[in-house]
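Note that the coordinates shown come from a computational prediction; the quantities given were computed from them, not determined experimentally.
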Amino acid sequence: MAKDDVSRAGPQILQPSGWPAPKGYANGMAADGRLVVTGGVIGWDGQGHLPDNFIAQVRQTLGNISAILAEGGARPEHLVRLTWYVVDIEEYLANLKTLGQVYREFFGAHYPAMALVQVVRLVEKAARVEIEATAVVPR
């Protein structure tokens with residue numbers, strides 16, 4: 001795909017020939033346009049309350065990311081990268097099906113490049129997940 005085609009079409013999935021297709025993420029993305037990034041976003045609501053439940057925190061976190069992207073003129077299909085930080089990888093793995101459903105509530109079947117990292121803790125002690133997002137809005 002030519003650079004101009006990437007710009008008009010939005011992000012392009014990079015999938016090397018012969019590699020197995022990833023499930024729920026892309027190996028890489030290429031895009032041309034205006035960059036929209038978030039900081040590390042957690043599941044606080046508008047009043048600064050953080051749910052106790054991991055899935056509820058993920059749902060609110062993804063909603064917060066969606067709101068930040070919209071503020072920057074980006075839509076879910078403009079996402080090129082998500083980096084997830086979780087305090088318990090087993091909790092994440094035990095909830096994959098539900099996490100997939102929650103993810104699709106906000107971003108549909110668009111799966112950018114993603115990384116998942118287990119950390120000892122997050123700055124906000126009660127936070128179970130923190131996610132950084134990068135989107136590229138076509139020119």
**Student:** Do Leu50 and Glu124 have side chains that approach each other closer than 4.5 Å (heavy atoms only, starting at C-beta)?
**Tutor:** yes
**Student:** Hey, are the side chains of Arg34 and Pro138 touching, using non-hydrogen atoms and a 4.5 Å cut-off?
**Tutor:** no
**Student:** Between Asn64 and Ile42 (side chain of the first, backbone of the second, donor and acceptor by atom type, cut-off under 3.5 Å), is there such a pair?
**Tutor:** yes
**Student:** Are Ile65 and Tyr92 connected into the same hydrophobic cluster when the rule is that any two of I, L, V, M, F, W, Y join if their side-chain heavy atoms are below 4.5 Å apart?
**Tutor:** yes
**Student:** Report yes or no: does Glu90 contribute a side-chain atom to a donor-acceptor pair with the main-chain N or O of Ala94 at less than 3.5 Å?
**Tutor:** no
**Student:** With a 4.5 Å limit on heavy-atom distance, are the side chains of Arg104 and Tyr111 in contact?
**Tutor:** yes
**Student:** Tell me whether Trp84 at atom CH2 has more than 12 heavy atoms from other residues, nucleotides or ligands lying less than 6.0 Å away.
**Tutor:** yes
**Student:** Are Leu99 and Val41 connected in a single hydrophobic cluster, I mean Ile/Leu/Val/Met/Phe/Trp/Tyr linked by side-chain heavy atoms less than 4.5 Å apart?
**Tutor:** yes
**Student:** Identify the two heavy atoms, one from Ala56 and one from Pro51, that lie closest to each other, and give their separation to 0.1 Å.
**Tutor:** CB-CB, 3.6 Å
**Student:** Just distance, no hydrogens or angles: give the donor-acceptor pairs under 3.5 Å from side chains in residues 128-135, sequence neighbours left out.
**Tutor:**
| residue | atom | partner | partner atom | Å |
| --- | --- | --- | --- | --- |
| Arg128 | NE | Glu91 | OE1 | 3.1 |
| Arg128 | NH2 | Glu91 | OE1 | 2.8 |
| Glu132 | OE1 | Tyr85 | OH | 3.1 |

**Student:** Find out whether Phe106 and Arg59 are in side-chain contact, i.e. whether some heavy atom of one side chain is under 4.5 Å from a heavy atom of the other.
**Tutor:** yes
**Student:** Determine, step by step, whether Val136 and Asp32 satisfy the side-chain contact (heavy atoms from CB on, under 4.5 Å) criterion, reporting the C-alpha distance in whole Å, the side-chain angles of both residues, the deciding distance to 0.1 Å, and the verdict.
**Tutor:** CA-CA 7 Å; Val136 179; Asp32 182 45; 5.7 Å; no
**Student:** At what distance, to the nearest 0.5 angstrom, does CG of Leu82 lie from OH of Tyr25?
**Tutor:** 13.5 Å
**Student:** When hydrophobic residues are tied together by side-chain contacts of less than 4.5 Å, even through go-betweens, does Ile68 share a cluster with Leu122?
**Tutor:** no
**Student:** Looking at every heavy atom in both Phe107 and Pro76, which two are closest together, and how far apart are they?
**Tutor:** CD2-CB, 3.6 Å
**Student:** Quick one: does Asp45's side chain have a donor or acceptor within less than 3.5 Å of a partner on His49's backbone?
**Tutor:** yes
**Student:** Looking at CD of Glu71 and CG of Leu69, how far apart are the two atoms once the value is rounded to the nearest 0.5 Å?
**Tutor:** 10.5 Å
**Student:** Backbone N or O of Leu62 within a donor-acceptor pair of the Ser66 side chain at under 3.5 Å?
**Tutor:** no
**Student:** To the nearest 0.5 Å, tell me how far His78 NE2 sits from Met29 CE.
**Tutor:** 10.5 Å
**Student:** Report yes if the side chains of Val117 and Val86 come closer than 4.5 Å at any heavy-atom pair, otherwise no.
**Tutor:** no
**Student:** Would you check if the side chain of Gln12 reaches a backbone N or O of Ala30 as a donor-acceptor pair within less than 3.5 Å?
**Tutor:** no
**Student:** Does a sphere of radius 6.0 Å around CD1 in Ile13 hold more than 12 heavy atoms from other residues, nucleotides or ligands, not counting ones at 6.0 Å or beyond?
**Tutor:** no
**Student:** Indicate yes or no: at least one non-hydrogen side-chain atom of Leu14 is less than 4.5 angstrom from one of Asn27.
**Tutor:** no
**Student:** Are Pro112 and His110 side-chain neighbours, meaning at least one heavy-atom pair lies under 4.5 Å?
**Tutor:** yes
**Student:** Are any of the side-chain heavy atoms of Val137 and Val36 separated by less than 4.5 Å?
**Tutor:** yes
**Student:** Would you check, one step at a time, whether the test side-chain contact (heavy atoms from CB on, under 4.5 Å) holds for Thr98 with Phe54?
**Tutor:** CA-CA 11 Å; Thr98 304; Phe54 176 68; over 6 Å; no
**Student:** Quick one: CG on Asp88 to CG on Leu93, what's the gap to the nearest 0.5 Å?
**Tutor:** 9.0 Å
**Student:** Which value, rounded to the nearest 0.5 Å, describes the distance between Asn95 atom CG and Lys97 atom NZ?
**Tutor:** 12.5 Å
**Student:** Got a second to check how far Gln60's CD is from Asn53's CG, nearest 0.5 Å?
**Tutor:** 12.5 Å
**Student:** Tell me whether Leu79 shares a hydrophobic cluster with Leu116, the cluster being built from Ile, Leu, Val, Met, Phe, Trp, Tyr side chains joined at under 4.5 Å.
**Tutor:** yes
